[in-house]
Structures are given as C-alpha cells and as structure tokens.
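Heads up: the structure comes next, in structure tokens.
Just so we're clear, the structure is a prediction, and the values are computed from it rather than from any experiment. Atoms considered below: every heavy atom in the structure, side chains included; atoms not considered: hydrogens, waters and symmetry mates.
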Amino acid sequence: MDDDGLLYRVYERRLTRELEAFSLPQHLGVIVDGNRRWAKEAGETTEHGHRAGAAKIVEFLSWCEDLKIPLVTVWMLSTDNFSRPPEELVALYEIIASTVGQIAEAGYCVRLTGTTDALPESVREDIARIKEQAAPESELTVNVAIGYGGREEIVDAVQELVRDLGSQGRTPEEIADAISIDSIAEHLYTRGQPDPDLIIRTSGEQRLSGFLLWQSVHSEYWFCETFWPGFRRIDLLRALREFCRRERRYGA
C-alpha cells in the first residue's frame with residue numbers, strides 16, 4: 001500500500017470511530033448524479049458511466065449496511081429522465097433492472113418508490129419478478145426510486161386518497177375535510193416509513209430536483225463535488241460526520 005492509500009485508511013478509521021458516539025440517520029436518501037459527466041471526463045461512453053454508477057450503488061449500500069443504516073432511498077431514474085435520447089434510455093433500462101437484481105441478490109429488502117408505467121413492458125416484468133424474489137425483511141431496506149418525481153408522487157397520493165374516500169360514499173365536502181397532512185402521507189410511495197434524515201447529492205449540483213419533495217421538509221442536505229461513480233466510503237463518512245454535528249431544530 002502506498003503512502004496515500006495508508007493515509008486514506010487511517011483517515012477512514014478515524015472518521016468511523018468519531019461516528020460511534022452519534023446516532024446515524026435512520027433514513028438516508030441519495031441522488032446519484034454525475035454519471036455522464038464522469039464518463040465524459042474519463043473519455044468513456046455514457047453507457048459506461050451509467051454502469052460505473054450502478055456498480056457504485058451496490059457498493060454504497062454495503063457501506064450503509066456496515067454502518068447499520070436501516071433505510072436508504074436511491075434515486076435511479078426520474079420522470080424528467082424519460083426525455084433523454086432513446087439509445088441512452090434503452091441501455092439505462094437494462095442497467096437499472098440489472099442493478100435492482102443485484103440489490104436483491106445482496107439480501108436487501110427492495111421496495112419500489114415511483115412508477116414503472118413508462119418503462120418497457122419487459123423491464124417492468126423483470127423488476128416485478130425481482131421484487132417478488134427479494135427478501136421480505138432485512139436489516140437494510142432499499143427504496144429504488146424509478147420513474148420518480150416529487151410532484152407526481154404527491155398527485156398520485158392525493159388522487160388515491162380521494163378515490164378511497166369516494167368509494168366510502170363520502171360527499172365532496174366530507175372528502176375535502178378528510179384531506180390532511182397525515183392522510184396524504186399515508187398514501188405516499190414511502191408510506192409507513194420515516195422521512196429521510198439526510199439527503200446526499202453528488203456532482204456539485206445543489207438542488208433536490210423534486211426528490212422526496214414531501215418527505216424532505218425537515219431533512220438535512222449534504223452536497224459534494226464528486227461525480228457519483230467516484231464517490232468513496234470516506235465521502236459517506238464525511239457526510240455523516242457533518243450530519244451528526246448539526247443541530248436539528250425542526251422549526252423550533
């Protein structure tokens with residue numbers, strides 16, 4: 001091991017020890033951004049960048065498992081991404097299905113956050129089959145956000161809530177009175193789960209782009225310049241250290 005590698009390991013161990021005194025996030029969200037720019041800088045194809053990013057997701061989840069973080073939401077495909085060139089999407093769909101399979105094979109509980117309606121039928125069938133075969137319970141649950149948009153999620157939740165209330169024979173006035181923060185939350189994709197404590201975004205972009213729009217109202221954010229395929233365990237540890245140092249006031 002060279003001197004740089006040794007220093008990295010020493011720093012990594014030091015950060016890990018620092019975190020032992022703190023409570024880590026119970027729900028961690030991650031916006032995996034920068035695959036294409038990473039590939040461009042490396043002189044590689046866009047597909048190569050997406051494959052490198054997919055491999056990093058599986059590695060990242062192993063770090064979360066080691067740190068005993070019980071819930072991670074990974075944004076793999078947004079509704080805005082459907083406007084990308086068809087040739088890029090064809091490769092991306094295959095990569096996403098393969099990655100979901102690897103997540104399930106690792107023994108994690110897989111939960112879909114988003115909608116697969118716009119995906120090709122073969123990809124939808126692959127993801128449905130993988131979900132059925134995935135572990136029903138695990139120390140780590142992974143929300144795979146596919147075809148996800150924050151505004152779309154809220155619309156879907158309200159529509160589902162209104163349909164449920166309407167099926168009970170309620171009047172328009174009664175339906176309106178029954179719509180609340182709690183009743184909408186019960187119809188979100190993440191129903192039954194805690195809101196994210198920390199959201200990480202890579203690639204230098206400092207915006208959420210609608211990621212967990214409803215759930216992130218009290219989340220802490222951590223942005224880094226590193227493109228997603230280059231994200232390291234030490235970057236995760238630094239994000240967690242920063243999170244642990246913050247005082248969460250929840251508006252008080």
Side-chain angles (χ1 to χ4, degrees), residues 11-34 56-57 59-76 78 108-109 111 113-114 137-145 148-154 157-158 179-228 231-252:
Y11 185 42
E12 184 181 50
R13 286 195 293 269
R14 193 186 83 187
L15 287 174
T16 302
R17 286 196 300 270
E18 285 183 30
L19 293 174
E20 290 175 355
F22 297 95
S23 297
L24 298 182
Q26 295 300 291
H27 182 179
L28 175 62
V30 57
I31 303 173
V32 296
D33 195 17
K56 182 61 64 174
I57 289 174
E59 185 179 14
F60 176 84
L61 293 173
S62 72
W63 302 336
C64 294
E65 181 183 23
D66 290 343
L67 292 165
K68 301 188 185 308
I69 295 173
L71 176 60
V72 178
T73 298
V74 183
W75 200 1
M76 299 180 67
S78 74
Y108 306 136
C109 176
R111 180 166 170 175
T113 304
E137 294 183 5
S138 171
E139 292 184 359
L140 174 59
T141 295
V142 182
N143 292 332
V144 288
Y148 177 85
R151 289 176 173 176
E152 288 84 354
E153 178 182 21
I154 294 171
V158 173
I179 295 175
S180 66
I181 291 175
D182 289 339
S183 63
I184 292 175
E186 290 170 358
H187 290 78
L188 295 172
Y189 302 147
T190 58
R191 67 195 75 180
Q193 297 180 333
D195 290 340
D197 300 297
L198 173 65
I199 295 175
I200 295 172
R201 180 168 188 160
T202 57
S203 86
E205 305 294 346
Q206 298 191 24
R207 60 180 184 273
L208 292 185
S209 301
F211 181 58
L212 299 180
L213 191 61
W214 179 283
Q215 300 90 330
S216 63
V217 62
H218 292 303
S219 300
E220 299 292 329
Y221 309 141
W222 193 81
F223 304 104
C224 71
E225 297 292 328
T226 305
F227 296 138
W228 175 248
F231 194 80
R232 304 164 299 171
R233 188 173 189 272
I234 203 168
D235 296 314
L236 173 60
L237 296 174
R238 289 171 57 214
L240 294 173
R241 180 180 64 179
E242 175 66 23
F243 168 81
C244 292
R245 287 176 172 175
R246 296 180 186 177
E247 182 180 357
R248 305 184 71 192
R249 298 179 180 273
Y250 299 99

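- The nearest pair of heavy atoms linking Leu140 to Leu71 is CD1-N, 4.0 Å.
- Taking each heavy atom of Pro196 and Ser219 in turn, the nearest pair found is O-OG, 2.7 Å.
- Scanning for side-chain contact (heavy atoms from CB on, under 4.5 Å) contacts around Cys224 gives Thr202, Trp222, Thr226, Phe231, with sequence neighbours left out.
- The two atoms that bring Ser216 and Tyr221 nearest to each other are O-OH, 3.5 Å, heavy atoms only.
- Annotation for Ile31 and Leu208: closest pair CD1-O, 3.7 Å, computed over non-hydrogen atoms.
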Indicate every side-chain donor-acceptor pair of residues 63-70 with a distance under 3.5 Å to a residue at least two apart or in another chain.
residue: Glu65; atom: OE1; partner: Tyr108; partner atom: OH; Å: 2.8

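- Of all heavy-atom pairs spanning Ser138 and Cys109, the tightest one is CB-N, 3.5 Å.
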| task | Evaluate the criterion side-chain contact (heavy atoms from CB on, under 4.5 Å) for residue pair Phe243 and Leu28; output intermediate values, then yes/no. | result | CA-CA 11 Å; Phe243 168 81; Leu28 175 62; over 6 Å; no

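- The list of salt bridge (charged side-chain N to carboxylate O under 4.0 Å, His left out) pairs with a residue in residues 197-206, not counting sequence neighbours, reads Asp33-Arg201, Arg37-Glu205, Asp197-Arg248, Glu205-Arg207.
- Listed by chain and residue number, Lys56 satisfy the side-chain hydrogen bond (donor to acceptor under 3.5 Å, both in side chains) test with Glu59 (two or more places apart in sequence, or in another chain).
- Side-chain contact of Gln215 with Glu153: a donor-acceptor pair under 3.5 Å is present, judged by distance alone.
- Here Phe211 pairs with Trp75 under the ring pair (Phe, Tyr, Trp, His ring centres under 6.0 Å) rule; sequence neighbours left out.
- Ser180 contributes a side-chain N or O that, together with a main-chain N or O of Ser183, makes up a donor-acceptor pair within less than 3.5 Å.
- Pairing each heavy atom of Ile184 with each of Ala157, the nearest pair is O-CB, 4.0 Å.
- A ring-ring contact (aromatic ring centres under 6.0 Å, His included) check over residues 14-33, counting only residues at least two apart or in different chains, returns nothing.
- The salt bridge (Lys or Arg N to Asp or Glu O under 4.0 Å) check on Arg238 picks up Asp235, with sequence neighbours excluded.
- Note: Asp195 CG to Trp214 CH2 = 10.0 Å, rounded to the nearest 0.5 Å.
- For the side-chain contact (heavy atoms from CB on, under 4.5 Å) test, residues two or more places apart in sequence or in another chain that qualify with Ile234 are Tyr8, Tyr11, Leu15, Arg232.
- With sequence neighbours left out, the side-chain contact (heavy atoms from CB on, under 4.5 Å) criterion links Leu19 to Leu24, Leu237, Leu240, Arg241, Cys244.
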| request: Decide yes or no on side-chain contact (heavy atoms from CB on, under 4.5 Å) for Phe60 and Val72, but give the supporting numbers first. | output: CA-CA 10 Å; Phe60 176 84; Val72 178; 4.1 Å; yes

| query | Run the side-chain contact (heavy atoms from CB on, under 4.5 Å) check on Ile200 and Leu236 step by step: do they pass? | reply | CA-CA 9 Å; Ile200 295 172; Leu236 173 60; 3.9 Å; yes

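- Taking 4.5 Å as the limit, some side-chain heavy atom of Phe227 sits within range of a side-chain heavy atom of Ser203.
- Not counting sequence neighbours, the partners of Arg246 by the salt bridge (Lys or Arg N to Asp or Glu O under 4.0 Å) test are Glu220, Glu242.
- Take Arg233 and apply the salt bridge (Lys or Arg N to Asp or Glu O under 4.0 Å) test, not counting sequence neighbours, and it matches Glu12.
- Every residue was checked against the side-chain contact (heavy atoms from CB on, under 4.5 Å) condition with Ser23, not counting sequence neighbours, and none meets it.
- Results of the side chain to side chain donor-acceptor pair (under 3.5 Å) test with Thr73 over Asn143, Thr190, Thr113 single out Asn143 as the only residue that passes.
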